2 protein chains.
Amino acid sequence: MAIFSKTCEYAIRAVLYVAHKTTTGNKVGIKDIAAGIDSPELYLAKILQDLSRKGLISSVKGPNGGFYINELSLSRPLSDIVEAVDGNGLFVGCALGLKQCSEVNPCPLHHQFKAIRDQIHAVLRTNTIGKFNEELVNGLLSLKK
Amino acid sequence: MAIFSKTCEYAIRAVLYVAHKTTTGNKVGIKDIAAGIDSPELYLAKILQDLSRKGLISSVKGPNGGFYINELSLSRPLSDIVEAVDGNGLFVGCALGLKQCSEVNPCPLHHQFKAIRDQIHAVLRTNTIGKFNEELVNGLLSLKK
DNA sequence: TCAATTAAAGATAAAAATGTCTTTTATTAT
DNA sequence: ATAATAAAAGACATTTTTATCTTTAATTGA
């Protein structure tokens, strides 16, 4: 088990790829994105269609079309991507899968995993989609390999 | 997405259930366990067979048979269960699924999720299978609902 | 207007995870 | 020994996730 689903991993990587490739207003095609993050092109297309419907990214069809991210979305937190794809189970659910796990009816790991969930949530809320653009452009950060 | 697979959630809950039910040397049957942690009986049977083969729990067939946990296993960390079921991906993998993510070739979330993974690992390493027995017996902790 | 381009949408396929059913094996008590 | 019990094992079914293929719709430039 990884922390995110494969779909979500692709989604985050793709959005960050689009973000740092389209800061100058240009667009990037699905082939380019798929190659840039090493993901199956047609599957990624589905994921981006979904994110586009949900307003996280934008797209235009036709020649010179492709995906891009507007200024406003660049400041949205990564948690928006995760919630759109994997839901909020990572932030709120019970580590052991109990339906009614809570402070008053805790599973054995409730308290300790509350801290972990909060930390995951905090990291994803405080990092924006546009935050890594510079380091991605100059190659200090990787989205493939 | 939850943190653990459903199989792993069942596994942890079942092992903790067996642990606190068998401290006096008696055994507990699969029906009892499945009811006690609210899981599908036949699926849970498969999971416990696997854990038994791997030596995390013990079992005996026949009348008055069932599952139990020996004294030594009571002091094993929960991470042993997680690794047996979900592998160590939660502790070591890249949050964004990169194959070669590392300090020198980091994904955008590498450093921040390193801390999170380490915390998850620490929690699971420092909590033993037997640690919650008392609170489970007196009902302060729950394994179902 | 027409052809080329590119994403959207719908259908299908393959793989993995989850869940169930049946038969076998080991153990116990009679 | 035999019958009853309970886990082990193997086969099968369902659901979800991941991946692919085909057709449609929108946009652009010639």
Side-chain angles (χ1 to χ4, degrees), chain A residues 1-15 17-18 21-22 26-35 37-69 82 84-87 89-90 97, chain B residues 1-15 17-18 21-22 26-35 37-69 82 84-87 89-90 97:
Chain A
M1 282 283 290
I3 291 184
F4 304 118
S5 69
K6 228 149 188 289
T7 305
C8 193
E9 290 175 352
Y10 292 151
I12 296 172
R13 276 152 58 194
V15 169
Y17 185 86
V18 174
K21 282 285 183 180
T22 62
N26 49 341
K27 287 155 241 138
V28 56
I30 185 69
K31 270 187 167 48
D32 186 345
I33 304 169
I37 70 166
D38 190 33
S39 74
E41 179 187 328
L42 294 169
Y43 187 55
L44 183 63
K46 287 297 180 197
I47 298 170
L48 295 190
Q49 281 164 31
D50 183 48
L51 294 180
S52 179
R53 259 184 264 109
K54 289 173 176 164
L56 269 160
I57 61 177
S58 308
S59 70
V60 294
K61 296 179 183 178
N64 298 315
F67 295 89
Y68 66 98
I69 295 185
V82 174
V85 177
D86 279 350
L90 198 56
Chain B
M1 281 286 289
I3 291 185
F4 303 118
S5 68
K6 230 145 187 291
T7 305
C8 192
E9 291 176 353
Y10 292 151
I12 297 173
R13 276 153 58 195
V15 169
Y17 185 87
V18 173
K21 282 286 183 180
T22 63
N26 49 342
K27 288 154 239 138
V28 57
I30 185 69
K31 270 187 169 47
D32 186 346
I33 304 170
I37 70 166
D38 190 33
S39 74
E41 179 186 329
L42 293 169
Y43 188 55
L44 183 62
K46 286 298 179 197
I47 298 170
L48 295 190
Q49 280 164 32
D50 182 48
L51 293 180
S52 180
R53 260 184 262 110
K54 289 173 175 165
L56 269 161
I57 62 177
S58 308
S59 70
V60 294
K61 296 180 182 177
N64 298 315
F67 295 90
Y68 65 99
I69 295 186
V82 174
V85 177
D86 280 350
L90 199 55

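Computed from heavy atoms alone, side chains included, the values below leave out hydrogens, waters and symmetry copies. Proteins get letters first, then strands, A, B, ... in listed order; numbering begins at 1 in each. Keep in mind that this is a model prediction, so the values were computed, not measured.
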Heavy atoms only: give me the nearest [X]-[Y] pair and the separation to one decimal.
X: B:Arg13; Y: B:Asp38; value: NH2-O, 3.5 Å
X: A:Leu56; Y: A:Ala84; value: CD1-CB, 3.8 Å
X: A:Ile3; Y: B:Met1; value: O-CE, 3.5 Å

Any side-chain heavy atom of [X] within less than 4.5 Å of one from [Y]?
X: A:Leu51; Y: A:Val85; value: yes
X: A:Thr7; Y: A:Asp50; value: no
X: B:Tyr17; Y: B:Asp32; value: yes

D:dT17 OP1/OP2 closer than 4.0 Å to side-chain N/O of A:Tyr43: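 For D:dT17, OP1/OP2 do not have a side-chain N/O of A:Tyr43 under 4.0 Å.
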
5' to 3' on DNA chain C, which nucleotides open and close the contacts with chain A (atom under 4.0 Å from a heavy atom)?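 It runs C:dA4 to C:dA11.
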
Find the distance A:Glu41:CD to D:dA19:C1' and express it as a whole number of Å.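 So the CD-C1' distance, A:Glu41 to D:dA19, works out to 12 Å.
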
Just to verify, what does A:Phe4 make a ring pair (Phe, Tyr, Trp, His ring centres under 6.0 Å) with, not counting sequence neighbours?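 Applying ring pair (Phe, Tyr, Trp, His ring centres under 6.0 Å) to A:Phe4 gives B:Phe113.
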
Counting primed atoms plus P, OP1 and OP2 as sugar-phosphate and everything else as base, spell out the protein contacts along nucleotides 5-15 of chain D at 4.0 Å heavy-atom distance: B, S or - for each nucleotide, 5' to 3'. BBBBBBB----

I need the B:Leu48 CG to B:Ser39 OG distance, nearest 0.5 Å.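 OG of B:Ser39 is found 8.0 Å from CG of B:Leu48.
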
